[in-house]
There are 2 protein chains.
Amino acid sequence: IEDKALDDIVVSDLMIPSEKVAHVQLKNPLEHALLVLVKSGYSAVPVLDPSYKLVGAIGKTVILNQILGIEQFEIDKLSTMRVEEVMHTDIPTLSGDERFVDGLKKLINHPFVCVTDENDYFTGILTRRAILKAVQRDYFR
Amino acid sequence: IEDKALDDIVVSDLMIPSEKVAHVQLKNPLEHALLVLVKSGYSAVPVLDPSYKLVGAIGKTVILNQILGIEQFEIDKLSTMRVEEVMHTDIPTLSGDERFVDGLKKLINHPFVCVTDENDYFTGILTRRAILKAVQRDYFR
Ligand SMILES: Nc1ncnc2c1ncn2[C@@H]1O[C@@H]2COP(=O)(O)O[C@H]3[C@@H](O)[C@H](n4cnc5c(N)ncnc54)O[C@@H]3COP(=O)(O)O[C@H]2[C@H]1O
Ligand SMILES: Nc1ncnc2c1ncn2[C@@H]1O[C@@H]2COP(=O)(O)O[C@H]3[C@@H](O)[C@H](n4cnc5c(N)ncnc54)O[C@@H]3COP(=O)(O)O[C@H]2[C@H]1O
């Protein structure tokens, strides 16, 4: 893709493939999700169901909002609540054959967007970093 | 800036001014910093000293790393530790008169970059969202 003009780049050229993406499962307790997020350092990650279909995304803020009680942090909620109870389900997606400009549009308001195939199976993520690197390459072509 | 070509745009055209940026102070306890981050929803915010000079940045991950004990979350550290003990100090900065492409380069690896004046006073932040919106405007010009 080094020599491709922006118009010739498609989402699958820039995406991080699913095997390299940290994710959590629908039924995981919040404690597990928070550990994955803290250990990886990521702000948010995709949520998959057991058959590897995309069902949503979850981040640190929504988990912390759950345990932020009136007096102080109510830590025991972490083991009693599950990812599916708090995850975001209304998330944008892309398909691998969409154009660069379609990816750019969706990343304006989202740090990453999940890529799925025609049967809703999770195939990877497109990140703002990948888009910015392609823009920089194009700027200096 | 609607009609400006990317080459004519400078950092101050796109930045969020300091009065609209959530930030914390050097001496704040970690508990205060975590509340600001959770209430605002931001992943990380700038850290300023009492004279409004930029001294670093702090995010949710580094605070959570501090309270993640061997057995479980050690919440009492939140009130005994201060921002200055855990914040990142090696952060990139920009000045308001730098060009669009200088901002683009620094945002490839950082979700936002702080903007300072010649005396190191904090004047605002440049975000990836602002860069992506400018790229989209330019794409359709
Ligand atoms: N371990 C690491 N090594 C190097 N740089 C790191 C890093 N963790 C974060 N960064 C940098 O910080 C940016 C923001 O990360 P954040 O976790 O908030 O937001 C991330 C995260 O929520 C998600 N993400 C990225 N890579 C991921 C992966 N392999 N698995 C799961 N989620 C990922 O996509 C968002 C945007 O990623 P993007 O690369 O554009 O932007 C990343 C990247 O530039
Ligand atoms: N309250 C809100 N309303 C609407 N959209 C929201 C939002 N909070 C977050 N977003 C969206 O999510 C992106 C990532 O936010 P994050 O908090 O991880 O990362 C943010 C945050 O750490 C920091 N940031 C942005 N605006 C800020 C502000 N006013 N004060 C302090 N920090 C800010 O800059 C990073 C990149 O911001 P950017 O706008 O490029 O990208 C934002 C924006 O597109």
Side-chain angles (χ1 to χ4, degrees), chain A residues 5-7 9 30-31 33-45 59-69 71-79 88 99-113 126-140, chain B residues 5-7 9 30-31 33-45 59-69 71-79 88 99-113 126-140:
Chain A
L6 289 186
D7 279 341
I9 290 176
L30 282 190
E31 188 164 35
L34 189 56
L35 281 175
V36 166
L37 289 167
V38 176
K39 289 280 174 248
S40 68
Y42 296 128
S43 297
V45 295
K60 287 175 188 135
T61 299
V62 72
I63 297 175
L64 288 169
N65 271 330
Q66 288 301 326
I67 64 176
L68 200 57
E71 291 297 324
Q72 56 127 28
F73 285 85
E74 297 166 353
I75 287 291
D76 46 1
K77 276 193 178 172
L78 284 176
S79 39
H88 294 292
R99 294 171 310 149
F100 172 82
V101 69
D102 302 316
L104 168 65
K105 246 190 231 155
K106 289 194 172 161
L107 283 169
I108 285 177
N109 288 312
H110 301 275
F112 71 92
V113 172
L126 181 64
T127 63
R128 281 177 168 174
R129 182 168 183 278
I131 290 275
L132 291 171
K133 279 180 74 176
V135 170
Q136 191 192 29
R137 270 197 303 268
D138 187 64
Y139 194 90
F140 291 111
Chain B
L6 290 185
D7 279 342
I9 289 176
L30 282 190
E31 189 163 35
L34 188 57
L35 281 175
V36 166
L37 288 166
V38 176
K39 290 280 173 248
S40 68
Y42 295 127
S43 297
V45 296
K60 286 173 189 137
T61 299
V62 71
I63 297 176
L64 288 168
N65 270 330
Q66 287 303 324
I67 63 175
L68 201 56
E71 289 299 322
Q72 54 125 29
F73 285 85
E74 297 166 353
I75 288 291
D76 44 6
K77 277 193 179 171
L78 284 175
S79 38
H88 293 293
R99 294 171 311 150
F100 171 83
V101 69
D102 302 316
L104 169 66
K105 247 190 224 149
K106 290 195 171 160
L107 284 169
I108 286 176
N109 287 312
H110 300 276
F112 71 92
V113 173
L126 182 64
T127 63
R128 281 177 167 175
R129 182 168 183 278
I131 290 276
L132 291 171
K133 280 179 74 175
V135 169
Q136 191 192 29
R137 270 196 302 268
D138 188 65
Y139 194 90
F140 292 110

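Proteins come first, then strands; the chains are lettered A, B, ... in the order of their sequence lines, and each starts at number 1.
Among A/L35, A/L78, A/L107, A/L64, the residue with the largest count of heavy-atom pairs under 4.5 Å with chain B is A/L64. Ranked by heavy-atom pairs under 4.5 Å with chain B, the list A/V101, A/N65, A/L6 is led by A/V101. With chain A as partner, the option from B/D7, B/L132, B/V62 having the largest number of non-hydrogen pairs under 4.5 angstrom is B/L132. Highest contact tally toward chain A, considering only B/K105, B/K39, B/R128, is held by B/R128 [criterion: heavy-atom pairs under 4.5 Å].
Both the backbone and the side chain of A/I108 come within contact range of chain B, with heavy atoms under 4.5 Å apart.
The number of heavy-atom neighbours closer than 6.0 Å to NZ of B/K133, taken from other residues, nucleotides and ligands shown, is 12 or below.
B/I131 is not listed as a side-chain neighbour of A/V135, based on a closest heavy-atom distance of 4.5 Å or more. Side-chain atoms of A/T61 and B/L37, non-hydrogen and from C-beta on, never get closer than 4.5 Å to each other.
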